[in-house]
Amino acid sequence: MDDLSKLNAAQRDAVTTLSGPLLVLAGAGTGKTRVITVRIANLIRHGVDPERILSVTFTNKAAKEMLERALAQLGGKPKRKPWISTFHSFCVRVLRQDIEELGYPKNFTIYDRGDQESAARRALRDLRVGEKQMRPADLVNRVSQWKSQGVLATDASDHVEHDGDVVAAMGYKKYQSILKSSGSVDFDDLLLLTNRLFHEHPDVLEKYQRRFDHVQIDEYQDTNGSQFDLIEALVRGHRNLCVVGDDDQSIYGWRGADISHILKFPQVFPGTKVVRLQENYRCTEQILGLANSLVRHNRNRHEKKLFASRSVAGSVRYREYENEELEAETVVREIEFNLRHERAKSDDYAILFRTNEQPRVFEVQLRRFKVPYLLLGQRSFFDNKEVRDLLAYVRVIAQPLDEQSLLRIINTPARSIGDTAVEKILARAVARKVRFFDAVPSLRDEKEITSKSATAVEAFATLLTDFRRRFEEAPKRMAETFHELLETINYDLEIQRQYKEPDQQLARQGTIEQLIDTIKDYVANADEPSLSGFLDNVTLSDRDSESDKDEQLKQRGVRLMTIHSAKGLEFPRVYLVGMEEGLLPHRRSVDAEGESPESIDEERRLCYVGVTRAKDSLTLTRAQFRKKWGKLRETIPSRFLHEMFDELPAPTDEVLQEEITEDGL
DNA sequence: AAGGAGGGTTTTTTT
DNA sequence: AACCCTCCTT
């Protein structure tokens, strides 16, 4: 069990400072999580009511771990617990109480990335903007940036920064009206609407201000404008705010995170006490040396000098290969050799890369050499077509306004409702300002749609209403009712129709079983199960059976992941591959360098995060030639190599398997 | 409806 | 190179 006496002086200082604004500058591998949990326990030990502590983390996985650790500190499971969650989950709970004040339905649904893109596609189509001018994904990103800065749809045209923004601003308006009329919100709305709620309804804000005496924020370097506003409002009365973070690890600027929040914290909250955690327990001296000399090249940062507590000689290598296939092959051969000689477990290895196209070649080689591996952060279970279809059913049932989900499933499985009929109904619904299903009778009377279609649509409406009632009447039987729904719509038949191969059919059916299990888990653990509650869990990925990533990390195998998703993790042996200009730093950031030089700083921090994941050994690699869009191109070594080694290092000689032994890896 | 040919496009990172 | 969309044929 963690204990005050086991902490170093700086950690103890952070843990025992219990009131007023506190900034804990925690470098990589300096025991940040430990400080946060021990501090929560310490607050409670000093008589603070656990329920008056709010601690905000970056992921639900982190929240869960932190709660467990904090409770373990206090011994046993007390009745009153601190509120530990992500910003998003916090906002959902606030909004489920009071969102009606803002004209949204209480059972709003949350749109995830896929839904956002469909909505954006519809918005652009309504504006008659071709995908050449703006892709849905670009609109979603731009809208997200605006929202994270608190810019509303109506004001976006005043915040135009470049040519494309004119279309984006119009798209934003359309997109937002699609969401609102669907009774839906997106991720950014959760924060934005909570802020609006607090702003327009001071009584609601006051309720939460009174609720918490102490607030802690983890990963503060990655907070965006909305998140800052939220926190600032909550702690205004007492300013008992402790933020923990590392400005050198701010890598989510593209998502609206604003590094200036951590840089300016002491100015924004006068009287701030600053504690620096600089003793690194993770990396060897050599690895930390590289990280330090790299990040020194960033100008806007809090000065920190990390020092290693482990004096073990670590191994840092740099290697070049002719092309990306050789890069992958050699890395995998080396891992395979070491595994065979029982020097290591496969779990000890991580291969980190910048973009999601890079792991493919590695996968080929890992399969070839029969090395177990896990590819993390790829499409999750919930991106599956079947799962998305069926969740669309659940959504339409939970939220009748959700037209977008309705359109997804109205003819899946096929029930003779053709595209023409759907379009006519939609047009009529818009023209007469009525709901989709209410537009059917007049069209049928006018013979605009065939009576066959009309009957099919009406039957479907009845089916939905019927199931809505059944889910509401027996929330505990959610899984069973869902099963009945599957039978009623005959989804099995749809699978058999779509997939001819028997093993494919089995796999798809397995997926559906998994979905049913998720529902069962949810019902078993929820105090008051409801369809909206289930959907919240799914979308915010704090599913009860833990997130996909967490689940996967328990398995054995070499870890393959982007540097972004490796944040917060550590591995004994790390390969940081593709150290090339255009990849790390990524070409998009290099292109943007002229306008905003900070774009490279974030890439540098990303490289820093990658390097500091390694505990014992770090291998940096580069391919001299790399294929892009089917064309072979010569590459340039990443500028970060020069910065880390002072000058471009001569590649470590091609290490043959026999020589690895001498390396004493 | 389903499947194939042809043509155009794509790649940053994700709570 | 791989993917997706559209249009065409069955």
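This one's a predicted model, so the numbers in the text were calculated from it and none came from an experiment. Chain naming here is simple, since letters A, B, ... match the order of the sequence lines and numbering starts at 1 in each.
- Rounded to whole Å, the distance from NZ on A:Lys567 to P on B:dT14 is 12 Å.
- One finds no salt bridge joining A:Asp222 and A:Arg255 here, because no Lys/Arg side-chain nitrogen approaches an Asp/Glu carboxylate oxygen to under 4.0 Å.
- Rounded to an integer number of Å, the gap from A:Ile259 CD1 to B:dT13 P is 21 Å.
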Working for salt bridge (charged side-chain N to carboxylate O under 4.0 Å, His left out), residues A:Lys567 and A:Asp246: CA-CA 12 Å; A:Lys567 184 175 138 181; A:Asp246 181 0; over 6 Å; no
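- Atom-to-atom, CD of A:Gln145 to C1' of B:dT15 comes out at 15 Å; the value is rounded to the nearest Å.
- Considering A:Gln624, A:Arg626, A:Arg622 as possible partners of A:Thr635, the one that fulfils the side-chain hydrogen bond (donor to acceptor under 3.5 Å, both in side chains) test is A:Arg622.
- As rounded to whole Å, 9 Å separates atom C1' of B:dT15 from atom CD of A:Gln227.
- Between B:dT15, B:dT11, B:dT13, one nucleotide has an atom nearer to the side chain of A:Trp254 than all others, and that is B:dT13.
- The nearest heavy atom of DNA chain B to A:Asn411 and to A:Glu602 marks one nucleotide each, and the one closer to the 5' end goes with A:Asn411.
- Nucleotides C:dC4 and B:dT13, compared at atom P, are 15 Å apart to the nearest Å.
- Residue contacts shown for A:Thr355 are limited to sugar-phosphate atoms, with no base heavy atom under 4.0 Å away.
- Among B:dT14, B:dT15, B:dT10, the nucleotide with an atom closest to any side-chain atom of A:Phe58 is B:dT15.
- Ring geometry, A:Tyr220 versus A:His261: the interplanar angle falls from 30° to 60°, so the pair is classed tilted.
- Atom pair A:Asp188:CG and B:dT14:P shows a separation of 16 Å (rounding to whole Å applied).
- Residue A:Leu632 places its CG atom among more than 12 non-hydrogen atoms of other residues, nucleotides or ligands, all under 6.0 Å distant.
- Atom CG of A:Leu191 and atom P of B:dT14 are 19 Å apart (whole Å).
- Side-chain nitrogen and oxygen atoms of A:Ser565 include none within less than 4.0 Å of the OP1 or OP2 phosphate oxygen of B:dT13.
- The side-chain ring of A:Tyr252 is not stacked on the base of B:dT14, judged by centre separation under 5.5 angstrom and plane angle under 30 degrees.
- If you check every strand for non-hydrogen atoms under 4.0 Å, A:Arg360 touches sugar and phosphate atoms only.
- Taking atom CG of A:Leu606 as the reference point, atom C1' of B:dT14 lies 12 Å away to the nearest angstrom.
- In this structure, A:Arg135 reaches the B:dT11 phosphate: one of its side-chain N or O atoms is under 4.0 Å from OP1 or OP2.
- As a whole-Å value, the separation of A:Glu324 CD from C:dA2 C1' is 14 Å.
- Neither OP1 nor OP2 of B:dT11 sits under 4.0 Å from any side-chain N or O of A:Asn356.
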